[in-house]
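One structure is given below, encoded as structure tokens.
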Amino acid sequence: MDYTSQAETVVTNDIMTPAVIIDTHIVQKNIEKLQSHCDQHGILLRPHIKTHKLPSMAQRQISAGAIGITCQKIGEAETMAKADIKDILITYNIIGAQKLHRLEKLAQRCSLSVVADNAYVVDGLAKTFTKAEYPLEVLIECDTGANRCGVQSAEEALDLGRLIHNASGLTLGGLMTYPPMGDQSQVNNWLKRAKDLLIENGLPCPKISNGGTPNMWRSQDVSVATEHRSGTYIYNDRSLVQAGLCRIEDCALSVLATVVSRPTDDRAVIDAGSKMLTSDLLGMEGFGLIKEAQDAKIASLSEEHGILDLSNSKWSPKVGDQIHIIPNHACVVSNMVDYVYLLDGHHLEKTAVSARGLVT
Ligand SMILES: Cc1ncc(COP(=O)(O)O)c(C=O)c1O
């Protein structure tokens, strides 16, 4: 397929809507911008692939200088390892015999590390990985204020660190956190205290893995961290525009939709509903930003219909018109479709989202 210009004005009649379009020129700029920020501050970048779920995007990130990738699920990591990605961190407590068996197989294909925040998980890992010659690296997940998983104190980190360190087939890789947004100094203090305690007690702490896109431009504030994991930065989305972290022009992913009905003057209906845009609001009003008319609102969604409120807009789309929407949250939209269209200048390529839906 050959097209004449960038995403907004591309002749897209060949694409059946709704569809996800990704502008690879914007992707490349986003990758290079964060990589150069991390390089400048001496922080290793380990992008989270949950945003794109595409081996080709992971390869781009690594070619630009990323040290490896982050996955949340074993299935995502298996897909990436098959595509020859060599260094993978899974930031999730792995539980259950079948998953541990898959983890064992995966560790034979790539340099693998995982996290744990409790003794049950460490026990399962220790019983599965028993060979001292090929130890599995385990980082202690720390709750530095985001109130999700993670040990609750430096002392708990020390206890768990001892368990990991004393298991013959495990090696203690250090600390990992998904931090709260906002002030990062308390995250730094938390991790520094835990690191000091591990070292004072004769345990290693070579890596400290921090993360998040909302705080990516301040990743250097957590000076004790050795690496940063960002996911959303590769595409950006409306939530990041709203937070002032990027511009609309920096959003690489858009949903192409068709106006299917104009029941009234102030209402239009599009063919993208919650099964495409998802119901994530992330604290905003409306389910996405319409590039063609930013004052029009995606007011409500049913599964396959998006209801546009045009009462505050002069824009009056016709049935059959195509529109481009920047979703509130790009990562969840990637996971809704089997294929995305990669737009490279004039060329549009349909690509399978090979790690989509892999939730185990
Ligand atoms: C463990 C972990 N690391 C990194 C990230 C990437 O963060 P972001 O989505 O802010 O780019 C996430 C996001 O959920 C995460 O859960």
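Numbering of ligands and ligand atoms starts at 1, following listing order. Heavy atoms only: backbone and side chains are in, while hydrogens, waters and symmetry mates are out.
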Mark up the atoms of ligand 1 that fall under 4.0 Å of a heavy atom belonging to [X], in ascending order.
X: Met176; result: 1 (C)
X: Arg148; result: 1 (C), 15 (C), 16 (O)
X: Ser230; result: 11 (O)
X: Thr91; result: 1 (C)
X: Gly212; result: 7 (O), 10 (O)
X: Pro214; result: 10 (O)

Notebook entry, point to check: Just one of Leu256, Ile270, Leu289 clears the side-chain contact (heavy atoms from CB on, under 4.5 Å) bar with Ile325, so which one?
Noted result: Ile270
Notebook entry, point to check: Testing Val138, Leu139, Ile140 for side-chain contact (heavy atoms from CB on, under 4.5 Å) with Val115, which one passes?
Noted result: Leu139
Check: Should we count CG of Asn312 as having more than 12 external heavy atoms under 6.0 Å?
Finding: no
So which heavy atom in the protein is nearest [atom], and how far is it from that ligand atom?
atom: atom 6 (C) of ligand 1; value: Gly231 N, 3.6 Å
atom: atom 13 (C) of ligand 1; value: Lys50 NZ, 3.3 Å
atom: atom 11 (O) of ligand 1; value: Thr213 OG1, 2.5 Å

Between [Y] and [X], is the closest basic N to carboxylate O distance under 4.0 Å?
X: Lys29; Y: Asp250; result: no
X: Arg193; Y: Asp196; result: no
X: Lys207; Y: Glu227; result: no
X: Arg247; Y: Glu249; result: yes

Next item on the list: Write down the atom of Asp280, the atom of His329, and the distance for their closest heavy-atom approach.
Entry: OD2-ND1, 2.8 Å
Notebook entry, point to check: How does His48 reach ligand 1, if at all, at less than 4.0 Å between non-hydrogen atoms: by side chain, backbone, both, or neither?
Noted result: side chain
Next item on the list: Under 4.0 Å, heavy atoms only, figure out whether ligand 1 is touched by the backbone of Arg46, its side chain, both or neither.
Entry: neither
Margin query: Please determine whether any non-hydrogen atom of Gly211 lies less than 4.0 Å from an atom of ligand 1.
Written below: no
Next item on the list: Would you please determine whether Met216 falls within less than 4.0 Å of ligand 1 on a heavy-atom basis?
Entry: no
Taking distance alone, with no angle check, do [X] and ligand 1 share an N/O pair under 3.5 Å?
X: Tyr178; result: yes
X: Arg229; result: yes
X: Cys331; result: no

Next item on the list: With the side chain counted from C-beta on, respond yes when Lys195 and Ile199 share a heavy-atom pair under 4.5 Å apart, and no when they do not.
Entry: yes
Margin query: Run the side-chain contact (heavy atoms from CB on, under 4.5 Å) test on Asp344 and His25 for me, step by step, so that the C-alpha distance in whole Å, both residues' side-chain angles and the decisive distance to 0.1 Å come before the verdict.
Written below: CA-CA 6 Å; Asp344 174 7; His25 291 192; 2.9 Å; yes
